[in-house]
Amino acid sequence: MLNYTNAITEEKSYSSLQMKEIKPVMKLVIRGKKREFLSAIGKSLNLLLPTEANTSSRSDKLTALWLSPDEWMIYSNEILNSESNEYETENLLNKNISKTNLGAVTDVTDQFVLINMKGDKIFDLFETGSPFNFNDFRNKKGSVTQTILAKIDVIIHNQNQNEVNLFVRRSFSQHLFSWMNDSASRL
Amino acid sequence: MFIINCPYCGEREQSEFKAGGEAHIVRPKQPTELSDDEWAEYLFMRKNIKGIQFERWVHTHGCRKWFNVVRDTSNDKIKAVYKMGEKPPTK
Amino acid sequence: MRNKYSLFSLVKNAFSYHENWGKAWKDPEPKKEYDAIIIGGGGHGLATAYYLAKKHQMTNIAVVEKGWIGGGNTGRNTTIIRSNYLWDASAGLYDHALKIWEGLSQELNYNVMFSQRGVMNLAHNLQDVRDLKRRTHANRLNGIDAVYLNTEQVKKFCPIINTSPDIRYPVLGGTLQKRAGTARHDAVAWGYARGADEMGVDIIQNCEVKGIKRNGDSVEGIETTKGFIKTKKIGVVAAGHSSVIANMAGLRLPLESKPLQALVSEPVKPIIDTVVMSNAVHAYVSQSDKGELVIGAGTDDYVSYSQKGSHDIVEGTLNAILELYPIFSRMRMLRQWGGIVDICPDASPIISKTSIKGLYFNCGWGTGGFKATPGSGDLFAHTIANDEPHKLNAAFNINRFISGDLVDEHGAAAVAH
Amino acid sequence: MTKNLRVKKSNLIDETYKVSFKFNGITYYGYKGDTLASALLANDIHLVGRSFKYHRPRGIMTAGSEEPNAIVQLHNNTSRTEPNVRATEIEIYEGLEASSQNCWPSVNFDVGGINNFLSPVLPAGFYYKTFMWPASFWEKYEYFIRKSAGLGKSPTEPDPDIYEHKYIHCDVLVIGAGVSGIVAAKTSAKNGYKTLLVDEKPYLGGSTIYQNSEHFKINNQISSSWLEKEINEIKKIENLEIKTRTSVAAYHGYNFLLARENLTDHMPLEQRKNKIRHRLLKIRAKKVITATGSLERPLIFDNNDRPGILLSSAIEKYASLYGVACGEKNVLFTNNDSAYETAISLYQKGINIEAIVDNREEIDSKLIKEIEKNNIKVYKGYTVVDTSGYKRINKVSIMQLSKDGQKVIGSKISISCDCLGISGGWTPAVHLFTQSGGKLKFRDEDQVFIPNIYPSDQISIGSCNGDFTLDEILSTVPKTLKEFLNLKKTDYEDLEIKSSFNKSKRNIWLLPSDKVIGKTKPFVDYQNDATAKDIKLALREGFRSIEHVKRYTTTGMGTDQGKLGNMHALGIIAETAGSKMGELGTTTFRPPYTPLTFGTIVGRNVGEYFDIFRKTPIHAWHIENKAEFENVGQWKRAWYYPKKGENMHDAVQRESKAARDSAGILDASTLGKIDIQGTDASEFLNRVYTNAWSKLAIGKCRYGLMLNEDGMVYDDGVTTRLDENHYIMTTTTGGAATVLGKLEDYLQTEWPELDVYLTSVTDHYATVSVCGPYSKKIVSRVIPDLDFSDENFPHMSFKDAKIGKIKCRVMRISFTGEHSYEINVQANYGKSVWEKCMEAGKEFNITPYGTETMHLLRAEKGFIIVGQDTDATMTPIDLQMDWIVSKKKYDFIGKRSLYRSDTIREDRKQLVGLLTENPNDVLEEGAQIVADMNKSPVEMLGHVTSSYYSPNLKKSIALGVVRNGKNMMGQKLIIPMEDKQINVTVADPVFLDKENKRLNA
């Protein structure tokens, strides 16, 4: 049996801000341009991919984030078992998308670390290191952005009032988390 | 620091983008048939215009898409953006 | 000499309350025709005119400048002078310039304040170390004074550098060229202008070139805001605007003009008495005689003639400065500014004839042209006067972009200097 | 100090809160709310510093950020000391210590003062004319010049304070909270715009807030009372954020502004711990309203720089806002009505005014009438011609002006005084406007530059727009706002305004004197000691442009950037040269408006956050096992693993030997990995790599070389065909991001017709590379279910496998020449796989090795490292890798460039092996290679790119590039070192196992 070692082991809590990694969560990048691609995804997953820029969609099990006109990230809403890395969704999409040449499906489960943030200081923290204008974003549930935070690429998904999921590449995640804590400690 | 209106993501800060130089320099379809001079034209020679320039940018830290920008290089004002493959605006 | 400068003349003039100093240069209207016209009244252009008059007896010439002399990159750069370049051709070019610098104040009877306070380049990773050693060995064999320093020697030469092994990019070593240093940028333009003027060169300011008149494959003259001026030889030394002039003649050049920024701190008492450059963390700093820290930032990645760059570049540079000199955190930025630098794909200049007879270009100096000013002027004058390059600038011809024989100095010039 | 210069209770000053501070070692007291300047003035101290060039005694001149003279060194402590702090800006706090700068031994007795007497030989630009003989002596002169230049002293220890950044996006930014700014902010915010109001001062209300005269009323209330109510109201508006002690430093294009919010500089040191000192605000505003006010102009006359000479408005501010009298015998000298506002204010407070000198003759002004009513002498049509008093003014001499204002007539009158207020009218603070790219126009009536063409969505209002009087401001501003903010109505439509200000002004840039100008010192730039005669000298010497004059005389180059004197310099140039000021143009105002601390700009990007620190999933293991690390791009890679007592050489020799004799293990997770999918994936690879890919079988791996379009080697790596339309490409560690970017560029812009998708999976996988004769044994123990037979799993192939329930990919590829496997597993299992390999390999002496050993092992095999053995001037042919360049393919990136006349030459530099004559001599990487040392100049044929002592071959080996090297096999060459020459022989770059037997061993 292999041990599971995720990137961020600590949960951090400040007044009005909590941050922790949520894992394991399946993450897939799916790519495609054709109309059949969108419908095949819809049928396979019972989830309509968002086609409007900077938005997301959601089913019981999955959330889909718009990343570009031909790129989405799908992640599981539930925490999975770390003892296996076989993902039903991935297999299904490989069968219905990759094998039929409709588009591409890539497992990025460990490419990205998902940091869940809660509290009303989230955007104060972002403002210390991201040039993105969060004024509208923060009030729009489901909105998504790819931008930079502390010079690091991040994907931010507005989950709920005062709750976001932040995705960052694993090799950057510890540096970013340390930076976020340093910032949070001064908010 | 510009604000660039990514044709896919909307207005974003310049820090999210990278510039890619003069636009509409099409890679020759048959490079082997070019003379050294003609190849050098493609490879190195640039208009380097002072004034309205058609240029390429990529939304590196966003959607990763390349697109075109019309910018006045004498004052850095962006006049228009358009997608790859689209015709440049005439006005 | 009309107005010889010396301590004696200063004292003498003090008695007449300095009322009797003559003009450093005249302000003539353009003649109808010249034997040669230099477009661009920066250091390189004025030096070219000076050497054309002095060494090639071409005195019926003019320098036309669209603004005021020395007002472009000459007056905006951070004045670092060195010759420790990698390739033979570059080393030859820049060391030729350095040798002229060493006697320039006396030659011009104008104190250009060339100060050989040394230039140190730092290494921050193992490839830096290899590159700097490679360069040092090449320099030594080319007769250029350059030595490799280990971290302790770096610290000893410039004690305020943070050489702790615990910083993000520790200093692993460096090179030092002791003959290198700085000079007073304005004085270079003014000194050459005064010298050229005295030999009869017309320096025409506020005269913008609007067109280049060609007759077939030869040039016939220039259209300017002060009218048409006839000439058979045109030397273009227009730095960031080189492509603009080239386009007038129907030429395209392998250049992109990009913003380059610099800044100075408020003046303080001497704290750093050499020039330190670091390519890897993008920082270089020296201290002017006035006491300001002179700091050069990098270039932006887009073409611009606005003389403005992005704040991210300035911030990035100061990040690096504080990484290497944490003691400067409470120093204050007094002024920042931008210039337009014309950059060649191989980070080396062009000093060359063109396909058009009588049209010569001296451009592509990118971020580091100031250091070459006297050499560049001398060699360009030679090229114009003889219609063929001097052996020291033969490699810097425009055809290298066609044949592929580039002089790739990216390793040495990736950062502005 | 027995004088009581405190004159009244003030809202800003808390007289119940005494603060002690030290100036030049002596303890003084002030009150909370005082600036250092107001506290010093209350203690009757005017002499604060010495000037830059002549070391003349100088005092406090202004009450704001335009101060040229009163700049001090704050604190003596080596880490907290701060040079050039304006006494007029710094608020005092308990324990503040300040001292004078640029003087020795003290500000009262300064040896440098001798320069004042040498001044006749130190005109503008004197240093260009001398110090040239003897030639070698400049640096000796320079040493003394440098020592005497500079102002304060730099800290010599790191900064104890912390800084922060904050991005702000707002609809409307209002800069300046004077009466115009308050009106603008309220109007904007109440109409639904998300508004930010900033002001550099600790209080709101600008100069109107201390305006207590019956002469200036709004709706029948004294203007300050009216404004106070407005301020109380705006504090309650929800979408209005107000930031005081916040100064806008830079106004860039696209309405991007930088402001410094000063959070702790006014606090006692012990209260600052763990607090952010400054916050740099990066503001992006849809609209900007600039209401930065105006600066009072000094007047230019002989000896106009003595301590005790202040701007008239500053005297009023010290009296009204700080409750401090600047002198007991005040004289005011003016060319406009402003000085009378000061006079009335002083009179009300019982501060004595000796006289007012006004260069205007007949003026019908209510303010003057009131002054005259109170029996204060007004000299009309007079000018000051001189002052006296070395360390404090004690007398002014005045004379009558001729009708045309060109000369003085009559006899001199002396007035004794201890303070002289000067007022030359007002200059709109257009600095930020011009920084933003705005174009100015010159208004002839009152000789001011005002905004004309706006480059972005912004507007200037109030006195920075040239509307100086209260009635002008309050009638114009609401109209301007309505248009700018698209409003139907504002709250300020029907204000009833009383303003007694007469706008007449008699502007004379350089006031005439009874002496020839050569004998006078009329200062234009106080800090840099540039006088009107310096400007005239520059013009005489042919410097015509304002930029030339500025640079030659150093006018406007001080820490105040010429906020006071620049207009006068322009005026004097125009007058002397006979040109029009409007045509001369101004010098460029460059950011920042007020100097900005480096620390503020840098924020938290210092120390560990200077740059990103990337870690592999196995990083923690390397730390636990005491690895030394190497910076590779932003990664920290394990460099070598020294055992106790080992140095780097020992460790690398041990690691290298183990990797070949038994087994080695390397963390290769940093290599870039790109997932390539799509029906045109093979065609895509054909176009980006030099070799052919279509025929690569599924399950096989191939090495590829990628060129730049200029034909030079750009990157390399192994790509594996996972399926018909699915590949995974590896790139170098440093090249990962740029390679992906370049491939996307070609895909999106040149070949959009290709059905290919690229996705980075670099971080998704941990890569554990196990090599050596025992590698198969070890890996098969970790993955027992996989058939490792050479038939099933040959070199350059890949297998999907599982470790327990965890999927992974195993590649049999080798960068060492040994039999070796790379296990790619999802990152979160990477450390565990590594540990399993270590455990399984224990009995086989499995040895972790770092990048240094990796470099050594590959050099033994002659494998290149892009960036070390290549430098962007090497083609694949130069690397003697002709075999990888497909001749059949019609095109690939860079192909055409390989056939240019100079890239096709046979005598280019080529990669070769080098063996030293003495096998123990290890060459220095970077050393040059020469054939003939007697040639002059020495011809360098190339250089050593990689060099190691090989423990496996028991000799030194090296790679190098040598001109025409491929035709020099066996030839002897020289490596000239500083102290010796090393003889080498050109050899095959493959030093070990040329037959590749070990791959299957």
Side-chain angles (χ1 to χ4, degrees), chain B residues 1-5 7-8 11-45 54-68 71-78 82-86, chain D residues 165 167-169 250-258 282-286 436-439 453 455-457 687 707-712 737-738 740-753 757-760 887 889-904:
Chain B
M1 305 290 290
F2 313 158
I3 290 179
I4 300 174
N5 188 8
Y8 305 100
E11 287 190 350
R12 299 293 185 94
E13 294 282 330
Q14 186 187 341
S15 351
E16 293 186 8
F17 300 85
K18 273 204 174 77
E22 194 178 321
H24 305 301
I25 301 176
V26 181
R27 189 172 186 275
K29 286 274 174 272
Q30 300 182 315
T32 38
E33 280 161 33
L34 301 183
S35 68
D36 281 2
D37 276 68
E38 288 164 330
W39 181 244
E41 273 294 311
Y42 162 72
L43 206 51
F44 293 128
M45 302 302 166
F54 297 81
E55 60 188 16
R56 303 165 349 117
W57 286 77
V58 57
H59 195 182
T60 329
H61 304 287
C63 64
R64 298 196 289 131
K65 292 291 177 216
W66 283 90
F67 57 95
N68 295 312
R71 184 172 56 93
D72 187 337
T73 62
S74 65
N75 57 21
D76 292 335
K77 287 211 173 124
I78 292 173
Y82 56 103
K83 295 174 185 170
M84 279 296 154
E86 287 182 350
Chain D
H165 288 170
Y167 288 87
I168 297 180
H169 301 263
Y251 190 163
H252 296 297
Y254 292 78
N255 280 353
F256 179 65
L257 298 96
L258 297 172
K282 300 180 170 181
I283 306 168
R284 189 67 88 166
K286 293 202 180 92
S436 78
K439 296 274 177 287
I453 300 167
S456 60
D457 197 356
R687 296 187 191 185
L707 309 186
N708 249 331
E709 204 65 275
D710 67 357
M712 305 303 155
T738 50
L740 179 61
K742 181 176 146 125
L743 297 185
E744 276 288 353
D745 186 355
Y746 275 92
L747 208 47
Q748 291 179 35
T749 62
E750 301 295 348
W751 309 321
E753 72 281 4
Y757 295 102
L758 308 175
T759 305
S760 167
K887 304 282 182 300
K889 281 200 295 181
Y890 186 71
D891 190 16
F892 54 82
I893 297 172
K895 176 168 179 162
R896 176 61 186 82
S897 288
L898 297 176
Y899 304 97
R900 292 176 294 171
S901 60
D902 272 303
T903 36
I904 205 162

Handout entry: D:His169 to B:Glu13 - nearest heavy-atom pair and separation
Key =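 Result for this residue pair: CE1-OE2, 3.7 Å.
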Exercise for the section: Pick whichever of D:Ser456, D:Gly741, D:Pro455 has the most heavy-atom pairs under 4.5 Å with chain B. Expected result: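 It is D:Pro455.
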Handout entry: Largest heavy-atom contact set with chain B, pairs under 4.5 Å, which of D:Glu709, D:Lys895, D:Glu744, D:His252
Key =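 Heavy-atom pair counts peak at D:Glu709.
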Problem - Cationic N near anionic O, under 4.0 Å, B:Lys18 to D:Asp745 - result: no
With a 4.5 angstrom heavy-atom cut-off, is it the side chain or the backbone of [X] that approaches chain D, or both, or neither?
X       : result
B:Glu11 : neither
B:Lys77 : both
B:Met1  : both
B:Ser35 : backbone
B:Tyr42 : side chain
B:Ile25 : backbone

Handout entry: Min side-chain heavy-atom separation D:Leu740-B:Arg64 under 4.5 Å
Key = yes
Can you tell me how far [atom2] of [Y] sits from [atom1] of [X], rounded to the nearest 0.5 angstrom?
X        : Y        : atom1 : atom2 : value
B:Asp36  : D:Thr903 : CG    : OG1   : 7.5 Å
D:Arg900 : B:Leu43  : CZ    : CG    : 6.0 Å
D:Tyr254 : B:Ile4   : OH    : CD1   : 7.5 Å

Against chain B, label [X] side chain, backbone, both or neither, depending on which of its atoms sit under 4.5 Å from a heavy atom there.
X        : value
D:Phe256 : side chain
D:Leu758 : backbone
D:Tyr890 : both

Exercise for the section: Using modelled atom types only, decide if a donor and an acceptor are shared between the side chain of D:Arg896 and the backbone of B:Trp39 within a distance under 3.5 Å. Expected result: no
Handout entry: Max heavy-atom pair count under 4.5 Å with chain D, selected residue of B:Phe44, B:Phe2, B:Phe67
Key =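 The option with the most such pairs is B:Phe2.
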Handout entry: Winner by heavy-atom pair count (cut-off under 4.5 Å) against chain D, out of B:Leu34, B:Asn75, B:Val58, B:Thr60
Key =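 The candidate making the most pairs under 4.5 Å is B:Leu34.
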